[in-house]
Amino acid sequence: MTLPTTMRFIDLPAHGGPEVMQLSSGPLPPVKAGEVLVKVEAAGVNRPDVAQRQGIYPPPKDASPVLGLEVAGEVVALGEGVSEFKPGDKVCGLANGGGYADYCMLPAGQVLPFPKGYDAVKAAALPETFFTVWANLFQMAGLTEHETVLVHGGTSGIGTTAIQLARAFGATAFATAGSDEKCRAVEKLGARRGINYRSEDFAEVIKAETGGKGVDVILDMIGAAYLEKNIASLAKDGCLSIIAFLGGAVAEKVNLGPIMVKRLTVTGSTMRPRMAEEKRAIRDDLLTHVWPLLEEGKLAPVIHAVLPLEEVAQAHRLMEESNHIGKIMLTL
């Protein structure tokens with residue numbers, strides 16, 4: 001396959017608002033050992049992209065500075081040592097950067113085939129949220145059948161994924177959201193109860209819904225602002241898994257006593273800095289346990305909006321307005 005020498009990509013010449021992003025042209029990323037070059041057909045927009053654009057989430061030193069952490073498209077070249085894919089394969093994958101571009105290099109261990117029946121937009125909506133939820137909710141927090149989980153940000157890409165995965169594996173989910181409409185949306189996805197955090201105290205609702213026991217796991221993207229109520233909402237031997245700090249990273253004057261009394265675990269992680277071997281292990285789990293459910297239609301990504309690459313600024317504005325339900329996608 002003859003590849004072009006240049007490609008379009010979204011340049012970030014300075015940090016700031018959505019308007020700082022510019023459509024530009026430059027060379028294709030080099031094909032490195034152990035990696036797969038993909039001609040991008042669709043890419044997902046995620047909170048880390050917004051944070052990187054704002055200058056508060058710099059990419060790792062060895063990662064592409066171009067925004068974009070998940071893509072789907074066609075394999076066009078293979079690096080040395082890659083044998084599990086071939087040119088022409090339709091794949092999606094978790095990128096370390098570089099997704100807002102015509103071509104993106106992906107580590108082979110972070111690449112998955114399109115689920116059967118999926119197009120590029122649906123496939124590109126999977127990697128970032130499914131890797132993150134699987135790692136934090138199932139691998140680290142150990143959510144199992146018959147347990148209960150509280151998902152904050154229930155209508156985000158992470159939230160809609162977590163609710164569906166919890167339901168699919170026999171757990172009961174509760175979810176917070178910012179309006180009654182969003183609460184009904186999370187209930188349609190399988191949450192037992194949507195909690196409007198603007199008009200309800202989620203800790204009181206959880207206490208009432210669980211007969212005072214609390215939930216076994218909380219998946220939290222708020223951080224400091226919710227820490228004390230999260231601790232109060234956990235059952236004995238429960239686990240709080242923190243994946244973002246939208247409500248601040250520094251918690252002051254929090255009573256830590258219940259952590260000891262209830263034998264709680266507080267954990268957290270970010271996906272991007274994880275070692276390649278860790279991401280490959282998550283990928284393998286997804287292929288084994290989750291991809292069959294996607295292909296059977298038992299769960300699916302929720303897509304809020306699909307915009308062309310040229311409208312990337314509008315896509316980021318939609319993300320920052322936080323009125324979306326599900327994923328915001330770009331097409332190329």
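As a basis for the values below, the full set of heavy atoms in this structure was taken, side chains included, without hydrogen atoms, waters or symmetry mates. All of these numbers come straight from a predicted model, not from anything done at the bench.
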Quiz prompt | Residues that F202 engages under ring-ring contact (aromatic ring centres under 6.0 Å, His included), provided they are two or more places apart | solution =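 Checked F202 against ring-ring contact (aromatic ring centres under 6.0 Å, His included); matches are H152, Y226.
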So, the side chain of [X] versus the backbone of [Y]: is there a donor-acceptor pair under 3.5 Å, distance only?
X: E35; Y: M105; value: no
X: R272; Y: N96; value: yes
X: Q164; Y: T160; value: yes
X: D220; Y: I242; value: no
X: E200; Y: I195; value: no

If you measure from the Lys or Arg side-chain nitrogens to the Asp or Glu carboxylate oxygens, is any gap between [X] and [Y] under 4.0 Å?
X: E41; Y: K90; value: yes
X: R184; Y: E187; value: yes
X: D119; Y: K122; value: no
X: E128; Y: R47; value: no

Quiz item: Can the ring centres of F138 and W134 be said to be less than 6.0 Å apart?
Solution: yes
Quiz item: Is the count of non-hydrogen atoms from other residues, nucleotides or ligands lying under 6.0 Å from E295 atom CD greater than 12?
Solution: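 Enclosed: over 12 neighbouring heavy atoms sit under 6.0 Å from CD of E295.
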Self-check item: Side-chain touch D49/Y100, heavy atoms, less than 4.5 angstrom
Solution: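 Of all side-chain heavy-atom pairs linking Y100 with D49, at least one is under 4.5 Å.
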Self-check item: Matching residue for H316 among R53, E311, Q54 - test: side chain to side chain donor-acceptor pair (under 3.5 Å)
Solution: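 Among R53, E311, Q54, the one meeting side chain to side chain donor-acceptor pair (under 3.5 Å) with H316 is R53.
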Quiz item: Can you list every side chain to side chain donor-acceptor pair (under 3.5 Å) pair that touches residues 14-28, not counting sequence neighbours?
Solution: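 Qualifying pairs: none.
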